[in-house]
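Below is one structure, written out as structure tokens; comments come after it.
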Amino acid sequence: MESDFLSQLNDQQREAVSNTEGPLLILAGAGSGKTRVIAHRIAYLIAEKKVAPWNILAVTFTNKAAEEMRLRVQRLLKDHQLSSWPVVSTFHSLCVRILRQDIEKLNDKYTRTFTIYDQDDSMRLIKLCLKDLGYDEKQLAPRATQSAISSAKNRGEDPEAFAARAEFTDDRQAAIARVYKMYEERLHTNNALDFDDLLIKAVRLLRNVPEVREKYNNKFRYILVDEYQDTNSLQFALIGFLTEKQQNICVVGDEDQSIYKWRGADISNILNFEKHFPNTRTIRLEQNYRSTQTILDVAGAVVKNNIERKGKNLWTSNPRGDKIRYYQALDAEAEARWVANKIVEHRREEFDTRAAVLYRTNSQSRVFEEAMRRAGLAYNIIGGFSFYERMEVRDIIAYLKLALNPNDSIALSRVINSPPRGIGKQTLDEIERRSKDLELSLWETISLVIKQPENLSARAINALRSFRRTIVRLGEMAGTDMGSAASDEAVQAGMWSVKQPDEQNVDEHVSDSDSPVSDIVRAAILDTGYETALRSEKTDEADGRLENLQELVNAAVDYDEQGLEGLRDFIDHSALVSDQDAYKRDAAVTLMTAHSAKGLEFPIIFIVGLEDGLFPHSRSATDPAELEEERRLAYVAMTRAERFLYVTHAMKRRVYGEELASEPSQFLNEMPLDLIDDLSLGKSWLSFARGLSTIDYEHDEHRKEKNKYTGKTYDSAESIAEFFKQRNQQMGKTSGTSVSATSWKQKPRPQEPRTPPSTNTGSEGFVPGSYVKHSKYGRGLVLRREGAGESTKLTVSFPGYGQKKLVEKYANLERA
DNA sequence: TAAAGAAAGTTTTTT
DNA sequence: ACTTTCTTTA
């Protein structure tokens, strides 16, 4: 009966689930049950509307989200006997599946055996191109080049178009254009696609080949897209083509949670959805079920400072809850320790409660890992170094890639001498030189070199011969024809063939004569000498690596047991699943970036490192739009919390190994003071802010008015002073040029409002955290002090002038 | 060629 | 601080 999937929903959610036909836009605020609605909608389509599961496609951004969605749908449909499951997939794996099926119809020489290059592979290739073109990596940073090429690709510019444009800009662009051209050629000869290509080629396939478009339109009659605000133009095009015929497209998104503009996400995809799809029905989900009123109030107060925003009315019937909690730590280590202790306290109260620690950058994770270990808390860590990014795992994967496609030169150069087998730089240079001359892949060149050694030593030739034998043997296990080019016979049947609906079934085909994936993985670890080399090291590090390889074997065994599709799929998976490593659902703590937290929820959330230049990140300081994105990110982070929200910052923190004074984030300024509980030891930044606001509370409304002001992005050193100044002005005091001109209720050293007593030596010299006055630059904050005596140098941040390095003796500084 | 030691670069967020 | 890459030495 219908009520099964509708009865537990509110009116809007029910609307969203039961309006199954035509374009549907769901604007879903944080915690409003968006995942729940999608899952219910899928279940409803299958159980009530009798739509065949294979006619439904749900697309998410991350594997985690896809996983979650699959789980929910399965739970909802557990009493139904289904012959198959709906396709729930990320954009990228959807594209891989389409391309593994049909890429040859594009007629641009790519074959179905193509290799996927992840960011690291692609970076290696770019470095090679830079080298071959004779560019200096210092002048043309590989990273920057990669990102320039990636954005060109995402804009739809091919190397020619890019070059045409670059010609008229500058040398650097022209150089990038040349790298781009070579990069594309190399990808092609390697039969490799990078992450961008996956989308580009899939879109091109759907656009150019009507037959393929038709096929997928018939297959996917109902399409759902999660996190629609973060789609880019390629993803938009993909959806457009897939849904061309039936128009049963349902997208879910929230403008306030758009945090991937830097990756090309185009918010207008959601803002203009109604234009793109006529007859769109729009439904708003505004009741939040996740968080306490207080948490929503705080998050709302922050995001309200964004100008580029339609605004919405998110409400909850949940209790008010506790105030959010604030802690000012001395440094990053103290911050982490404090957080760990708090989590322990919470778990004493409630033994199985879960917490997440959200930071802006992955580099912050380390201290937290350390602190959790010390506190004896089991933790998950998401992102950063994922399992598949470990060196040894990547090496073995490279061997496996070679087994399938020996012409993958990136994989080959990765492992040709790891473990060390006597193929050194000279040998490799010679091979590379000849491969360029003859326009052969490295693999082909090696075969040739063995026959015609020319100026290579017998020792080198022997090493090459044995390496070649190893790869050929792996290839045989994988069922690959090791001829000169990867042959099409090696293609295993596609993983989900698109058949007529009635004969559609769970997809068949466990690979035929080939060995199980786990056997090939074992062989790649043993026969290559990899294990022996690690064992002989006898270090803890090597043991750790061996364990990781054992994990890889375990993963392969699991894979075989699931009866999946063989080695290629296993490898695809490893490229696309960056953080799938054993996510322990019940671990006490999860550590991740605020970005990775999107879509998740936890009873307890810690947002750490709320400091100027860190969160918001300094890279976003110049552009108001980017600052707004940072603010949305903060909003996403805060709204992950169900019951308890903690915000912390440190007074100083090591950056590149140097200790720098840091200031509270402006986002802290934007939180309503009366909703914050200060747990800091001694006097904190917050206690000053609070002291001020109690001077004259009835002007508070006035203050709020002014606080909406976002036009200016505060200079780091000046932000709080600016903040105080504004408040003072609001309070009718004449604008003191310096903070100290105003009256302080509880004033310990008005001239250093944010410096905790401990960093204040009080002795002569300017310590980091103190303020100075310079005859030319004016007032500034001392960030760093180096050297001693006459040569003491200070790094000072002057608003409007940036950071200056001054010799203390000659700079003529005064306290300010 | 491989290992050990020195220097330089790194950190924004992700499929 | 930590990791990658370059340079020196055995």
Side-chain angles (χ1 to χ4, degrees), chain A residues 59-66 89-96 116-120 122-124 127 137-138 141-143 146-147 150 154 193-200 202 227 230-232 234-235 258-265 332-333 358-367 370 382-386 388-389 391 417-428 457 459-460 463 533 537 541 572-580 592-599 609 613-621 626 629-630 632-634 636-637 653-660:
Chain A
V59 194
T60 64
F61 261 80
T62 65
N63 297 293
K64 227 180 307 149
S89 160
T90 63
F91 274 104
H92 290 264
S93 37
L94 173 69
C95 291
V96 171
I116 302 168
Y117 279 3
D118 65 17
Q119 190 131 22
D120 182 78
S122 135
M123 179 70 91
R124 280 163 181 269
K127 282 182 180 162
E137 284 194 7
K138 267 154 210 143
R143 265 179 80 88
Q146 185 185 41
S147 92
S150 172
N154 277 299
L193 298 177
D194 67 14
F195 279 167
D196 299 323
D197 287 331
L198 295 177
L199 285 160
I200 291 168
E227 307 284 9
D230 284 328
T231 50
N232 65 22
L234 284 168
Q235 288 154 340
S258 156
I259 53 175
Y260 285 106
K261 210 171 139 228
W262 57 275
R263 219 171 83 188
E333 286 72 24
L358 310 184
Y359 33 77
R360 179 64 238 269
T361 68
N362 277 308
S363 61
Q364 289 165 263
S365 66
R366 200 177 224 106
V367 272
E370 183 63 30
I382 302 210
F385 291 112
S386 88
Y388 287 105
E389 285 169 80
M391 192 234 295
N417 201 32
S418 59
R421 50 169 71 89
I423 304 175
K425 194 170 179 315
Q426 297 217 327
T427 314
L428 206 52
S457 70
R459 223 174 89 183
E537 274 190 45
E541 203 199 340
D572 284 353
H573 186 76
S574 82
L576 295 172
V577 175
S578 56
D579 50 18
Q580 87 115 56
M592 63 189 145
T593 62
H595 280 90
S596 319
K598 195 172 69 163
L614 186 59
F615 197 175
H617 199 273
S618 53
R619 297 286 258 262
S620 62
E626 284 184 45
E629 179 145 309
E630 294 284 309
R632 287 192 294 272
L633 183 59
V636 168
R653 145 180 333 266
R654 250 190 251 290
V655 183
Y656 297 140
E658 291 222 74
E659 210 143 72
L660 293 182

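Below, read A as the first sequence line, B as the second, and so on, with proteins coming before strands; counting in each chain starts at 1.
For A/Q119, the side chain to side chain contact (heavy atoms under 4.5 Å, CB included) partners are A/Q146, not counting sequence neighbours. Applying the side chain to side chain contact (heavy atoms under 4.5 Å, CB included) test to A/N154 and every residue at least two apart in sequence or in another chain returns A/S150, A/D196, A/N232, A/L234. For A/R632, the side-chain hydrogen bond (donor to acceptor under 3.5 Å, both in side chains) criterion is met by A/E629, not counting sequence neighbours. Shown here are the side chain to side chain contact (heavy atoms under 4.5 Å, CB included) partners of A/R421, two or more places apart in sequence or in another chain: A/Y399, A/N417, A/P419, A/I423, A/F467, A/T528. Here A/T427 pairs with nothing under the side-chain hydrogen bond (donor to acceptor under 3.5 Å, both in side chains) rule; sequence neighbours left out. Under the side-chain hydrogen bond (donor to acceptor under 3.5 Å, both in side chains) criterion, A/S418 pairs with no residue at all, not counting sequence neighbours. Scanning for side-chain hydrogen bond (donor to acceptor under 3.5 Å, both in side chains) contacts around A/D197 gives A/K153, with sequence neighbours left out.
Within the 4.0 angstrom heavy-atom criterion, only backbone atoms of the sugar-phosphate kind lie near A/R143; the bases stay farther away. Within 4.0 Å of A/T90, counting heavy atoms only, lie sugar-phosphate atoms of the nucleic acid but no base atom. Within the 4.0 angstrom heavy-atom criterion, no nucleotide atom of any strand lies near A/D118. Nucleic acid contact for A/Q119: base, since at least one base atom lies under 4.0 Å from a heavy atom of the residue. No engagement by A/S618 is indicated, since no non-hydrogen atom pair under 4.0 Å with the nucleic acid exists.
Residue A/R654 contributes atom CZ, which lies 15 Å from atom P of C/dT3 at whole-angstrom precision. Taking atom OH on A/Y656 and atom P on B/dG9, their separation rounds to 12 Å, with Å as the unit. Look at CD on A/E626: it is 12 Å from P on B/dT12, rounded to the nearest Å. Remark: C1' of B/dT13 and CD of A/E629 are 9 Å apart, rounded to the nearest angstrom.
Rounded to a whole angstrom, the distance from the C1' atom of B/dT13 to that of C/dT4 is 22 Å.
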Each nucleotide N or O in nucleotides 2-6 of chain B that has a protein N or O under 3.5 Å away: list the pair and distance.
| residue | atom | partner | partner atom | Å |
| --- | --- | --- | --- | --- |
| B/dA2 | OP1 | A/G422 | N | 3.2 |
| B/dA2 | OP2 | A/N417 | ND2 | 3.3 |

Any N/O pairs under 3.5 Å between the protein and nucleotides 5-10 of chain C? List them or say none.
none

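Interface remark: the A/R619 side chain does not form any donor-acceptor pair with the B/dT12 base, using a distance-only criterion of under 3.5 Å. Taking 3.5 Å as the limit, the base of B/dT12 and the side chain of A/H617 contain no donor-acceptor pair of atoms between them.
Taking a centre distance below 5.5 Å and an interplanar angle below 30 degrees as the stacking criterion, A/W262 stacks against the six-membered base ring of B/dT13.
The shortest side-chain heavy-atom distance between A/F91 and A/T231 falls under the 4.5 Å cut-off. For the pair A/T361/A/F615, no side-chain contact is recorded, criterion being any heavy-atom separation below 4.5 Å from C-beta on.
For the pair A/E630 and A/F91, nearest-nucleotide mapping onto DNA chain B gives the more 5' position to A/E630.
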